[in-house]
Amino acid sequence: MKRLAVYCGSATPHDPRFIDVARTVGRALASRGIGVVYGGGKLGLMGALAGAALEAGGEVIGVIPDQLVSDEVANENCTRLHIVRSMHERKAMFTQLSCGFLTLPGGVGTMDELWEAVSWAQLGYHEKPVGLLNALGYFDHLLAFNKAMADAGFVRPAHQNLIIAEAQLDPLLERLAAHQPATPIFQMKAGDL
Ligand code: AMP
């Protein structure tokens with residue numbers, strides 16, 4: 001995998017171990033030669049991830065809407081920083097530039113990005129793996145809810161395992177690299193967005 005779109009919180013969480021997780025992931029991706037595509041900010045886990053990857057010599061591509069440039073403190077140290085016009089353009093670019101998705105702990109924006117990657121895989125917009133690092137058990141409830149949706153019949157059997165979740169990064173990256181795309185509901189193309 002050449003590049004992963006990494007989604008994570010822009011806030012500084014109460015538990016500093018989440019910041020350590022982001023830094024560890026940034027360093028680990030750089031050391032494996034996997035580039036990071038992310039939201040282009042300097043705050044919270046996003047900033048920690050990007051800073052650690054850059055310090056370790058990795059490629060970091062930021063994509064940030066112009067209206068968020070000051071609020072999220074755009075990271076001018078990125079290898080490349082794309083300033084785009086809208087959230088939609090930002091998310092389309094995350095998908096275009098990456099070979100897969102990796103979600104770390106975060107808040108509502110991170111959830112929006114994760115579920116969009118899952119939903120777009122169902123619809124056939126992309127065939128990329130969608131990874132979730134369940135660090136410190138943060139996503140236990142989300143994974144239980146994901147199973148509840150499937151058990152209730154809201155998710156087709158072919159799509160019940162679209163989220164690839166592991167508590168540790170190494171096995172997660174192995175599973176992302178070995179990913180076989182599911183059969184989508186439709187065959188929509190990225191240009192249809
Ligand atoms: P958060 O997890 O809420 O800290 O947000 C992480 C990233 O998602 C940040 O780059 C935010 O700009 C972005 N974001 C926040 N809210 C939304 C939203 N409603 N839709 C899409 N992205 C968002």
Side-chain angles (χ1 to χ4, degrees), residues 1-30 34-121 123 125-126 128-136 138-139 142 163 169 188 190-193:
M1 280 177 304
K2 189 168 174 240
R3 281 194 209 123
L4 286 175
V6 184
Y7 299 145
C8 58
S10 57
T12 299
H14 301 314
D15 187 339
R17 291 179 301 167
F18 288 118
I19 294 285
D20 295 340
V21 167
R23 291 191 62 78
T24 303
V25 170
R27 267 194 305 273
L29 293 178
I34 300 174
V36 169
V37 185
Y38 89 116
K42 268 193 192 164
L43 301 177
L45 271 71
M46 293 171 67
L49 165 95
L54 287 165
E55 276 162 33
E59 177 195 58
V60 176
I61 300 176
V63 187
I64 191 163
D66 48 12
Q67 284 178 320
L68 286 186
V69 165
S70 53
D71 286 355
E72 293 199 352
V73 193
N75 189 350
E76 308 290 348
N77 299 322
C78 289
T79 318
R80 265 192 285 151
L81 183 65
H82 295 279
I83 299 178
V84 295
R85 276 164 305 172
S86 66
M87 282 291 194
H88 286 300
E89 206 179 321
R90 181 196 226 184
K91 291 195 285 185
M93 210 156 178
F94 287 146
T95 306
Q96 273 162 22
L97 292 177
S98 67
C99 316
F101 305 92
L102 172 60
T103 296
L104 311 181
V108 170
T110 305
M111 293 300 92
D112 173 78
E113 289 159 342
L114 166 72
W115 288 113
E116 183 175 85
V118 176
S119 157
W120 286 11
L123 294 172
Y125 283 123
H126 71 78
K128 303 170 197 218
V130 181
L132 183 74
L133 185 66
N134 188 16
L136 308 170
Y138 179 70
F139 290 119
L142 179 143
I163 296 181
L169 185 65
M188 301 183 96
D192 300 332
L193 285 170

Does A11 have any side chain to side chain contact (heavy atoms under 4.5 Å, CB included) partners at least two apart in sequence or in another chain, and if so, which?
none
Could you check whether any side-chain heavy atom of I64 comes within less than 4.5 Å of a side-chain heavy atom of H82, counting everything from C-beta outward?
no
Would you indicate whether the side-chain heavy atoms of N75 and M46 approach each other to under 4.5 Å?
no
Distance (rounded to the nearest 0.5 Å) between C8 SG and L104 CG
5.0 Å
Any non-hydrogen side-chain atom of L68 less than 4.5 Å from a side-chain atom of M87?
yes
Does a side-chain heavy-atom distance below 4.5 Å link K128 with T95?
yes
Smallest separation among heavy atoms of F18 and P13, with atom names
CB-CG, 3.7 Å
Check: Y138 main-chain N/O paired with N134 side-chain donor or acceptor under 3.5 Å:
yes
Go through it in stages, so that I can follow the logic: the residues are E113 and K91, the test is salt bridge (charged side-chain N to carboxylate O under 4.0 Å, His left out), and I'd like the CA-CA distance, side-chain angles, deciding distance and then a yes or no.
CA-CA 8 Å; E113 289 159 342; K91 291 195 285 185; over 6 Å; no
side-chain contact (heavy atoms from CB on, under 4.5 Å), that's the test. Do W115 and T103 meet it? Break it down for me.
CA-CA 10 Å; W115 288 113; T103 296; over 6 Å; no
Spatial distance of atom CG (L114) from atom OH (Y7) [nearest 0.5 Å]
9.0 Å
Could you work out, with side chain to side chain contact (heavy atoms under 4.5 Å, CB included) as the rule, every residue matching T24, not counting sequence neighbours?
R27
So, the side chain of R90 versus the backbone of G39: is there a donor-acceptor pair under 3.5 Å, distance only?
yes
Is the closest side-chain heavy-atom distance between T12 and L43 below 4.5 Å?
no
Above 12 or not: heavy atoms from other molecules or residues under 6.0 Å from CD of Q67?
no
What do the steps show when you test M111 against E116 for side-chain contact (heavy atoms from CB on, under 4.5 Å), and what is the final call?
CA-CA 8 Å; M111 293 300 92; E116 183 175 85; over 6 Å; no
Which residues share a side chain to side chain contact (heavy atoms under 4.5 Å, CB included) with V36, sequence neighbours left out
V6, L29, Y38, L49, A53, V60
Quick one: pull up NZ in K42 and SG in C78 and give me the separation to the nearest 0.5 Å.
9.5 Å
So, taking the atom named CZ in R3 and the one named CG in L102, what distance separates them when rounded to the nearest 0.5 Å?
15.5 Å
Atom pair CD/CZ of E59 and R80 - distance to nearest 0.5 Å:
6.0 Å
Supply the atom-to-atom distance Q96 CD to H126 NE2, rounded to the nearest 0.5 angstrom.
12.5 Å
Using every non-hydrogen atom in the two residues, find where G9 and T110 come nearest and quote the distance to one decimal.
N-OG1, 3.4 Å
Could you tell me if the side chain of C99 sits less than 4.5 Å from the side chain of L4, heavy atoms only?
no
Between T79 and L54, is any pair of side-chain heavy atoms under 4.5 Å apart?
yes
Taking all non-hydrogen atoms of both residues into account, name the closest pair between L169 and A28 and its distance.
CD2-CB, 3.5 Å
Does any part of the side chain of L97, heavy atoms only, come nearer than 4.5 Å to the side chain of I61, both counted from C-beta?
yes
